[in-house]
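These numbers come from the heavy atoms of this one structure, side chains and all, not from hydrogens, waters or symmetry mates. Throughout, residue positions are numbered sequentially from 1 according to the sequence presented.
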Amino acid sequence: MRLRTRSRGSSWVRRTSWIVGVVAISLSAACTAPEEEAAVANAVEEPSVFASLEPGWNTFEPGGETTCSDGSPFHFFARPGDPEKVIFYLQGGGGCWNGATCDRDGQPTYSMTAVERLIEAKPGEERPEGAQGGIFDYTRADNPLRDYSAVFVPYCTGDVHLGNRLAAYEAPAGEDHEAHEFTTEHKGAVNVRAALDWTFSAFASPETVFVTGSSAGSIPSPYYAHVIKAHYPSSRVVQLGDASGGYRRQTGSARPHEAWGTLDVVADVPGLAALASEEFNYERLYIEAGKANPDIAFAQFDNAEDGVQLRFLGISGAGADSLEPLLDANRADIAAAVPNFRAYTAGGDAHTILQRDTFYSLRVGKVLFRDWLAALVAGEPVDNVHCQDCSVAEIDT
């Protein structure tokens, strides 16, 4: 299988192999068989997958079984930095699991199409509209992840990157459309697998891999941290879930993972078989991955009254007046089973932090989130942080 690749703002310029290019080997004629000499002579040197990356964000369209929910092509992005330090980032964008929430002709509760391109601000230049912020703002000297290589996995499948199912739904009638049947490609796990395969081919054995995601992308991040650690057993793996810690045991009427085929996805992964059960829930992704990987640093960030999480709890039938008690209960369950789990709970009702400019200015008391995350990723010990007055966020001006 081969990938089509392009750099930001350019046309398709080359084809990059899924596997590392042929390495020329010097063999003496005295100890090489004639057929081996011919094979070496005819071998064509290709640049490694990492060396073939152009500066800035490169776009890859893996094809095959990858797809967005409506059948449109899936693509992902990669940016070269230090090959010993890698970010694997899963984008968020809601979720859907029935005819009403997935209906593309109605009011779907998820992002249906992948972000077309990533815009990067240049040092010393005015920041262009739509440029990535937070940990992807490479103009800031205080960005603790500035020198990392990055793989950015867009989200367009409505299944929190954990689906592998073509689902058939019936949409209810709306003001401008009749009831109708339709299908949704919940192939998020297939898409992530393609991005992982590319990552494994580009980085032989990095020193550090930071596995993270925001909103819907944060939910599966402990699961994919387990998958990445299995491939890179000697690498230091750090995980952070950004803004999904309050989905308490899916106590509502909705069981979205059943629509997505998630149990079949997790059942195929060695070490996490216990996830494939009727008791599946999001906090168990941390618990089972943590039990299997005591040397991974697991972590969560949430605003205590995240309005988006409260809204999705309501959509699922598990409405709550306050998110903070759900966050605290989930984190107590995870911490009891995973000693190396840490959490940062900020005040306010904002949703996500990693791509926001407030990544650099949000604090709880004396602990700036930027500094807390920098220490976590560097392998330094960090404490749990929890807001006192959780009704408002503390932001430096």
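Checked against side-chain hydrogen bond (donor to acceptor under 3.5 Å, both in side chains), Arg342 has no partners two or more places apart in sequence or in another chain.
Arg284 places a side-chain N or O within 3.5 Å of a backbone atom of Ala274 that can act as its donor or acceptor partner. The closest donor-acceptor contact from the side chain of Asn303 to the backbone of Gly347 lies under 3.5 Å. For Asn143 (side chain) and Ile135 (main-chain N/O), a donor-acceptor pair under 3.5 Å exists by modelled atom type.
Clustering of Ile, Leu, Val, Met, Phe, Trp and Tyr by side-chain heavy atoms under 4.5 Å joins Leu166 with none of the others.
The hydrophobic cluster containing Met112 does not contain Leu162, counting ILVMFWY residues as joined when their side-chain heavy atoms lie under 4.5 angstrom apart, directly or transitively.
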All N/O donor-acceptor pairs, side-chain side in residues 376-386, below 3.5 Å, sequence neighbours left out:
from: Asn384; atom 1: OD1; to: Ala343; atom 2: N; distance (Å): 2.9
from: His386; atom 1: NE2; to: Asp328; atom 2: OD1; distance (Å): 3.0

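Using a 4.0 Å cut-off between charged side-chain N and carboxylate O, Asp371 and Lys366 make no salt bridge. Classification of Asp268 and Arg193 as a salt-bridged pair fails, no side-chain N sitting under 4.0 Å from a carboxylate O. By the 4.0 Å N-to-carboxylate-O rule, Arg370 lies too far from Asp396 to be salt-bridged with it.
The aromatic ring centroids of Tyr224 and Phe88 lie 6.0 Å or more from each other.
Ser214 and Asp242 form a side-chain donor-acceptor contact under 3.5 Å, judged by distance and modelled atom types alone.
The two residues Val209 and Tyr232 have their closest heavy-atom pair at CG2-CD1, 4.1 Å.
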